[in-house]
*Asks:* 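What follows is a structure written as structure tokens; I'll ask about it next.
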Amino acid sequence: MDNSDVLVVFLVMVFLVATSLFSLVKDVHNKRKEKSSGLVVTATRGDKSMNALYTVYGASIAAVLVLIDNADGLTGHKVILIVIGFFCVTYLFFLSSWFRNIVFFPMAQRIRND
């Protein structure tokens, strides 16, 4: 394992999978709390927020694809890494309400305000 590309891709994929799994656990926990409380809250995002979400999602997918495509030493494993990266990033940005509401939108708002 002389190649640092493999290590970097491994670390990025571990981070993506771990973040997705943590987000999944938080989403399941929040759904159970929501179900037991009987209260349901629905938030509607405006065009600005959704454009920010789409932009960062696209940049994240592109970054993962470029990282995997340009890494040496991944011959025969690139397709599965791309699929895993795609599913993790897509889950985080579009299916995980915890990630969007606790991580992404507060960061986007802070960047807009600075």
Side-chain angles (χ1 to χ4, degrees):
M1 187 139 121
D2 328 344
N3 193 344
S4 66
D5 288 354
V6 174
L7 179 62
V8 170
V9 170
F10 176 75
L11 291 175
V12 168
M13 294 308 289
V14 165
F15 175 76
L16 274 176
V17 170
T19 305
S20 297
L21 289 175
F22 182 76
S23 182
L24 178 66
V25 168
K26 295 299 271 184
D27 285 333
V28 168
H29 176 71
N30 289 343
K31 286 287 184 195
R32 285 187 179 158
K33 280 176 51 176
E34 183 180 288
K35 196 181 242 185
S36 67
S37 72
L39 298 174
V40 178
V41 176
T42 304
T44 305
R45 299 286 176 194
D47 289 338
K48 249 183 173 176
S49 295
M50 291 310 292
N51 285 338
L53 185 75
Y54 297 144
T55 302
V56 176
Y57 169 76
S60 299
I61 285 290
V64 169
L65 292 177
V66 167
L67 176 69
I68 293 169
D69 188 46
N70 290 326
D72 292 330
L74 297 176
T75 306
H77 304 289
K78 287 184 178 184
V79 171
I80 191 66
L81 291 172
I82 288 171
V83 169
I84 290 169
F86 174 77
F87 279 126
C88 288
V89 172
T90 301
Y91 174 75
L92 288 172
F93 281 91
F94 294 115
L95 301 175
S96 174
S97 59
W98 177 84
F99 179 81
R100 284 191 318 266
N101 295 329
I102 302 300
V103 178
F104 177 73
F105 285 122
M107 274 187 357
Q109 186 66 31
R110 187 167 186 174
I111 290 169
R112 253 187 240 137
N113 290 340
D114 286 346

*Asks:* Holding to side-chain contact (heavy atoms from CB on, under 4.5 Å), I want the full list of residues that pass it with Phe87, two or more places apart in sequence or in another chain.
*Replies:*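 Val83.
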*Asks:* Say you draw a straight line from CZ of Phe105 to OG of Ser97; how long is it, rounded to the nearest 0.5 Å?
*Replies:*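 With rounding to 0.5 Å, CZ (Phe105) is 11.0 Å from OG (Ser97).
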*Asks:* Are more than 12 heavy atoms, taken from residues, nucleotides or ligands other than Asp47, located less than 6.0 Å from that residue's CG atom?
*Replies:*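 Not buried by this count: 12 neighbours or fewer within 6.0 Å.
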*Asks:* If you compare all heavy atoms of Phe15 against all heavy atoms of Thr19, which two are closest, and at what distance to 0.1 Å?
*Replies:*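 Taking every non-hydrogen atom into account, O-OG1, 2.7 Å.
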*Asks:* So, the side chain of Asp69 versus the backbone of Leu65: is there a donor-acceptor pair under 3.5 Å, distance only?
*Replies:*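 Absent.
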*Asks:* Does Ile102 share a hydrophobic cluster with Phe22, counting links as ILVMFWY side-chain heavy atoms below 4.5 Å and allowing steps through other members?
*Replies:*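 Yes; Phe22 is reachable from Ile102 via cluster members.
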*Asks:* Rounded to the nearest 0.5 Å, what separation is found between the CG atom of Asn101 and the CG atom of Asn30?
*Replies:*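 One gets 9.5 Å once the value is rounded to the nearest 0.5 Å.
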*Asks:* Taking side chain as C-beta onward, heavy atoms only, is Val64 less than 4.5 Å from Phe86?
*Replies:*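 With C-beta onward as the side chain, the pair stays apart.
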*Asks:* Out of Ile68, Leu16, Val17, which residue meets the side-chain contact (heavy atoms from CB on, under 4.5 Å) rule with Ile84?
*Replies:*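 Among Ile68, Leu16, Val17, the one that satisfies the side-chain contact (heavy atoms from CB on, under 4.5 Å) with Ile84 is Val17.
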*Asks:* Counting only heavy atoms from other residues, nucleotides and ligands, does the tally under 6.0 Å from NZ of Lys31 exceed 12?
*Replies:*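 No, because the 6.0 Å sphere around NZ of Lys31 holds 12 heavy atoms or fewer from other groups.
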*Asks:* Would you compute the distance between atom CG of Asn51 and atom OH of Tyr54 and round it to the nearest 0.5 angstrom?
*Replies:*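 So the CG of Asn51 and the OH of Tyr54 are separated by 8.0 Å.
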*Asks:* Apply the side-chain contact (heavy atoms from CB on, under 4.5 Å) test between Ser20 and each candidate in Val89, Thr90, Leu92, Leu95; give the one that qualifies.
*Replies:*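 When side-chain contact (heavy atoms from CB on, under 4.5 Å) is applied between Ser20 and each of Val89, Thr90, Leu92, Leu95, only Leu92 qualifies.
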*Asks:* Under the side chain to side chain contact (heavy atoms under 4.5 Å, CB included) rule, what do Leu67 and Val8 come out as? Steps first, then yes or no, please.
*Replies:* CA-CA 9 Å; Leu67 176 69; Val8 170; 4.0 Å; yes
*Asks:* A side-chain contact here means heavy atoms from C-beta on lying under 4.5 Å apart; do Met50 and Leu53 qualify?
*Replies:*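 Of all side-chain heavy-atom pairs linking Leu53 with Met50, at least one is under 4.5 Å.
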*Asks:* Please name the pair of heavy atoms, one in Ala71 and one in Val9, separated by the smallest distance, quoted to 0.1 Å.
*Replies:*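 Looking at all heavy atoms of both residues, the closest pair is CB-CG2, 3.7 Å.
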*Asks:* Please lay out, stage by stage, how Trp98 and Val103 fare under the test side chain to side chain contact (heavy atoms under 4.5 Å, CB included).
*Replies:* CA-CA 8 Å; Trp98 177 84; Val103 178; 4.0 Å; yes
*Asks:* Using a 3.5 Å distance criterion without hydrogens, assess whether the side chain of Arg100 forms a donor-acceptor pair with backbone atoms of Phe94.
*Replies:*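 Checking the backbone N and O of Phe94 against the side chain of Arg100, a donor-acceptor pair under 3.5 Å is found.
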*Asks:* Restricting to non-hydrogen atoms, name the atom on Asp27 and the atom on Tyr91 that form the minimum distance, rounded to 0.1 Å.
*Replies:*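 Minimum heavy-atom contact is OD2-OH, 2.6 Å.
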